[in-house]
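Accompanying notes for the structure given below.
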Amino acid sequence: MANKPTIITGTVGNDAHVIGTKILSRAFKDAGFNVVALGCLTPPDEFIKVAQETNADAILMSSLYGMAEIDLRGFKDKCREAGLDNVLLYIGGILGVARHDFKEDEVKFKKLGFDRVYPPEANLKGAIEDLKSDLKKKGRMN
Amino acid sequence: MANKPTIITGTVGNDAHVIGTKILSRAFKDAGFNVVALGCLTPPDEFIKVAQETNADAILMSSLYGMAEIDLRGFKDKCREAGLDNVLLYIGGILGVARHDFKEDEVKFKKLGFDRVYPPEANLKGAIEDLKSDLKKKGRMN
Amino acid sequence: MNIKVKQQKIDEELFLRMHHKVLEEWPTGKEVDLEEAVEYNRNLPDSKNFMKATLKQKAEGKTTIWPRAGTPVLEEEIALVKTLVASGIRHVPVTIDSYTRNYQFEKAGRALEESIRSGKAVLNGYPIVNHGVKNTRKVIESVDAAFSPRGAVKLAMEIALASGMTAAGKSAFLEFGSYEKNRTLEDCCEHTQYTNRLAGYYTERGAVITTDLHGFVPSGVFPLSMNIACMVVDALMAAEQGVRSVIPLVHYNGNMAQDLAWTRVTPKILRKYLDRHGYVSTLIPGTFCNQIPLFPVPQSMGGCFGYLGYTAMVAALGEATTIYVRTIDEGAGVPTREAHAVSYEAANWICNVVRKQNIQFDLAGVEEEELITEMEVDAILDKVFELGDGDCIAGSIKAVEAGVIDSPFCPNKHVKDEVLGIKDAQGACRYLHFGNLPFNNEIKDFHRQKVAERERLEKRRMDYDVVIEDFWAFSKGKIIGS
Amino acid sequence: MNIKVKQQKIDEELFLRMHHKVLEEWPTGKEVDLEEAVEYNRNLPDSKNFMKATLKQKAEGKTTIWPRAGTPVLEEEIALVKTLVASGIRHVPVTIDSYTRNYQFEKAGRALEESIRSGKAVLNGYPIVNHGVKNTRKVIESVDAAFSPRGAVKLAMEIALASGMTAAGKSAFLEFGSYEKNRTLEDCCEHTQYTNRLAGYYTERGAVITTDLHGFVPSGVFPLSMNIACMVVDALMAAEQGVRSVIPLVHYNGNMAQDLAWTRVTPKILRKYLDRHGYVSTLIPGTFCNQIPLFPVPQSMGGCFGYLGYTAMVAALGEATTIYVRTIDEGAGVPTREAHAVSYEAANWICNVVRKQNIQFDLAGVEEEELITEMEVDAILDKVFELGDGDCIAGSIKAVEAGVIDSPFCPNKHVKDEVLGIKDAQGACRYLHFGNLPFNNEIKDFHRQKVAERERLEKRRMDYDVVIEDFWAFSKGKIIGS
Ligand code: B12
Ligand code: B12
């Protein structure tokens, strides 16, 4: 179906936390997206590979174990090289180690090239709306 | 008995908290002091009157209800006028209103003329030692 | 001795004369127009009526927090009650400052001004007489909850009820046994008769006012039977003056079996005596429990939360209507608004998850504690009524003189203070010195055996020093001193 | 399918050959000299032996905290364990970072260096392989407590035990069901057999090593029977390899009757199966309980303290040996040292005052929950042994394939994930989707009725959306979602 955007979900790196990305995947599926769920322990490169194969519109990445920053250094460049400049990059979960101000994460991961960064226990309805409007802006959804 | 110093105890002002001053009185009595216990709700002037009558060596005042500062303005001057310059003034309990640094109390009540200021739940053994050494310095105990 | 105050309803004419004199005690008295006040109070929504709010909550099976809180400046007080209600509180106390409690309205006024100027509270409560009716109604209208003044003298109570507070928590024994040094019990009864009569006046006109019962509050470790016996007298005095709603305040002392037993047995005992004396129409809408008089050492934040969490858990398991948990600032001073919020949030969390599970459980020892407590209460009250030839007021006054009513570490010079309490090996409160309490040997032996058991275990005599150790033990996470 | 791994003790020669290959995985392996290590471990004081410390504590009737904690830098880790022990902890975990858990020792090493340079932990645990034996012994010698490595792979376990840790908490099911996506259960069993055999090797030489049992940890709301059944298999696998001390980890889920029932019935069930299979000399020194997988919303400090206080209270009433309470930082990230201290202080406060009272507590519903849980566990295990012709490993592997062993929200792609749990009206965990679980109708109807009851009360269907609501409910102070 033409107008069914494709998104890739999964928890990046050596992170085995899967509950969040499973709930997220189901929520976006129910919201009418075509979801390719990679589950946990997904290497950054796999996100890129699958995004190419499926010509995805967005990658919704999760990370909870606090080491996403190390996992994702240079990820955006790789996306560009792979010709995925146009794929939206979202990330959420628990992005830093230890209690800290979420603002730090936001700055950090925007620098790493993510379009949207979500705080712990982010509300999914909101995220779904965000993605829809971002895709509309890009004319990839109507 | 010549060498039995006399102390006045009590809770000052409109303060009905009495448990502390009762325990304190008993402790000093057991430690060999001659204790005149005025109990709670004792006006500042009464401390002075009784100190004169009993020719006391020290006044150990309590206050818990947080309004001691108001109660004790000008207290030291009155003591001087009453010729009690030589009577040691100790105070303890909970001297300020609301959570605060005890240091503030100490400064405040030293300014008001107290020789020693004690934090909440002060240890009585320590206080007894303090008083003994202060009295020795003054040659009022040996 | 000749005792003037009798257990007898003040006749209305006399009451109204007294009422008008009371209003003259301070300019703000003029703001009170009794008929308008009753009207205003009667028309409050059920959620603002202490009895109705309590009955509703009991029916819902909820345990909420009943704090103590009062701050001098009006705007601050309004902000405070809003914080409290936001944290799930339905019964809002207004703690009155110590000057007002002692009729020093002028001194209170000056301290209030200084508090406003300096922006720092130099009063330890809300000076209700200085604020008067207009201001105080602003407080009550700012939230949806039932209000109770704490430590209200006659004029303070007039202003409180006229402002829309619906509880008149004034107890002759609380004043006499906890707040006063020189005043006699008779004098305290006389004052309380007035505020109870005032409450009765409102009640008879459809604005039901609740009186909460305090009794002789134990200072430190002491079995609760003395306190409960005096709560019964509080209740009878209130009922005689026309009060139709009374709520007992049960003081926890750390031992779960005892705390639960006291929570269960107190309303039972009250009901028994109210009925026996013909006050069948006086309701007991709920049971309020207190975390007191033990308290956390200020320094240990974990201890503060542990202690209030444990207390909330016991209250919820005991199905208390409300629990007065001490905030994490309790030992440090008048709690900040934040301290109130985080403390009650933690306690509420526990009360909610426990009550919602409607847990049925059996705790060994509870029955026994109920039994011994009721025996002790009956023994004290039998003697009281005997001494007073059936009049509970005269009887109580004589009982205090005779040491039949007695309590340790008491501020009042008229009290013998010849009794002492101590913890047994399980951390339950027992009598160490019986003074002149009218207990038979069965009761005394029960306590002696418990104390002896601990002496054996610890291989030391139980004396005053141990009493003091016990005093501090629980708040430090130990069930007995050492 | 053909299954190579058998429930059978690895013979010593083979084991030693494997052992030497394991040590070659990383330079620090050279620091391990097995005979010296056993000697060192055997000579540790009783207080540092996990089994002896646990038995002693059980005898004393104490409930202590068993936290999770690990930080990359050595000095920091030493400071951390000191803080933990100072707050009353006797069982000290060393949580290992995720790189090490995945054999990426080099990556872990770089992150360790970065952590040292930046002074900010960029690793989520203690990289034990990089630190090696010499450093890790410093950690263990810095305090008087028993240590357990969390998430140790083969080499990590070698270093842990050689360093004087006395527990080998590695579970095939925990790895397979909680940490892995692609690895098979057979592979996980093969690894765990090795660490168990290593523990057995120490044990047979007088250095008793304890294995804690995890089973298939439920992700979210799910009855505990599946978890307990898999703990039994964990126990049998360990015992076969020579382990003589196993400790079950019981996961609370918020309903008091269930949490207490699971605490009581788990060791009973374990004992039954250990004896039945001839492992009578394998002890169960204690029962460890966990506050998991629900957790407080980071924002609400009061909720954090309320939740951990409630958990500590249930553990103490249930006479758990230890309770793993989540710190107030749980939802926020790896807890700071201060967060550990204040959280455990609060929980300890409660555990102490409750256990000291040695309360006899009887809760309605506990027996029924014990009964239904044991029925479910037996049903699962009967099928497992049937599928494996008596071999619990082969049986478990086939059971997973058949969906006889299944769990929701599982990371592992080999798991069917066709089951779902949900809360009933009292907040107890029930099965919503049974998938292919081998339950008879008696069991299924029990759950269906409970779910139906809630459907009636809430007038809505119980489906996936409710499951998600329930998932978050308890940590927010509600027993069921809404
Ligand atoms: C028991 C109690 C009461 C009882 C008092 C019974 C009685 N008549 O004694 C009752 C219920 C009547 C009461 C009433 C009030 N209380 Co009150 N009460 C307490 C409580 C819980 C314990 C106080 C106590 O007895 N401690 C035990 C004794 C042994 O300790 P202590 O007095 O500190 O004394 C020890 C040491 O300090 C030392 N010490 C004491 N004095 C001195 C002096 C010297 C020279 C030395 C060396 C040592 C020393 O020796 C003692 C032994 O170690 C405290 C809160 C708390 N947890 O501390 C609040 C508290 C003191 N009360 C408070 C308040 C505000 C009141 C009220 C105004 C209103 C209210 N909240 O109820 C009224 C005031 C009535 C009045 N007119 O004074 C506040 C004080 C506010 C502040 N300072 O910021 C407190 C801190 C509670 C709070 N956090 O709000 N209270
Ligand atoms: C359950 C859990 C586990 C389980 C995981 C089971 C599984 N396979 O999924 C187990 C026990 C295996 C585990 C292991 C570990 N864990 Co863990 N774990 C948790 C826990 C308790 C809950 C996580 C969870 O499932 N939350 C529920 C889900 C639904 O929420 P969520 O993932 O945040 O997702 C929601 C939102 O964030 C949002 N969302 C998520 N991703 C995205 C992405 C986008 C684009 C958007 C829009 C939204 C979004 O949608 C979801 C629905 O609302 C947390 C602590 C806590 N209370 O949060 C610790 C926690 C995450 N774990 C932690 C750690 C350190 C570990 C371990 C390293 C060691 C240990 N402590 O055990 C190992 C790591 C193993 C590994 N290799 O990854 C730390 C992380 C440290 C940090 N970040 O600072 C935490 C925070 C605990 C702590 N305070 O120490 N853990």
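Throughout, protein chains are lettered first and strands after them, A, B, ... in sequence-line order, and every chain is numbered starting at 1.
- Between chain C and the residues D:N348, D:N255, D:V353, the largest count of heavy-atom pairs under 4.5 Å involves D:V353.
- A pairwise comparison of heavy atoms in D:S300 and C:E345 identifies OG-OE2, 3.2 Å as the closest pair.
- Note: C:W349 leads C:F361, C:W349, C:Y310, C:Y344 in heavy-atom pairs under 4.5 Å with chain D.
- Both the backbone and the side chain of D:K356 come within contact range of chain C, with heavy atoms under 4.5 Å apart.
- With chain D as partner, the option from C:L363, C:N358, C:L308 having the largest number of non-hydrogen pairs under 4.5 angstrom is C:L363.
- Separating the CG atom in D:L260 from the CD1 atom in C:I359 is a distance of 8.5 Å, to the nearest 0.5 Å.
- More than 12 heavy atoms of other residues, nucleotides or ligands shown are found within 6.0 angstrom of NZ on D:K478.
- A parallel orientation is assigned to the rings of D:F305 and C:F305, their planes being inclined by less than 30° (bins at 30° and 60°).
- Residue D:M256 touches chain C through both its backbone and its side chain, counting heavy-atom pairs closer than 4.5 Å.
- Nearest heavy atom pair, residue D:Q357 against residue C:G254, reads NE2-O, 3.2 Å.
- Heavy atoms only, all atoms of each residue included: C:M313 and D:M313 are closest at CG-CG, 3.2 Å.
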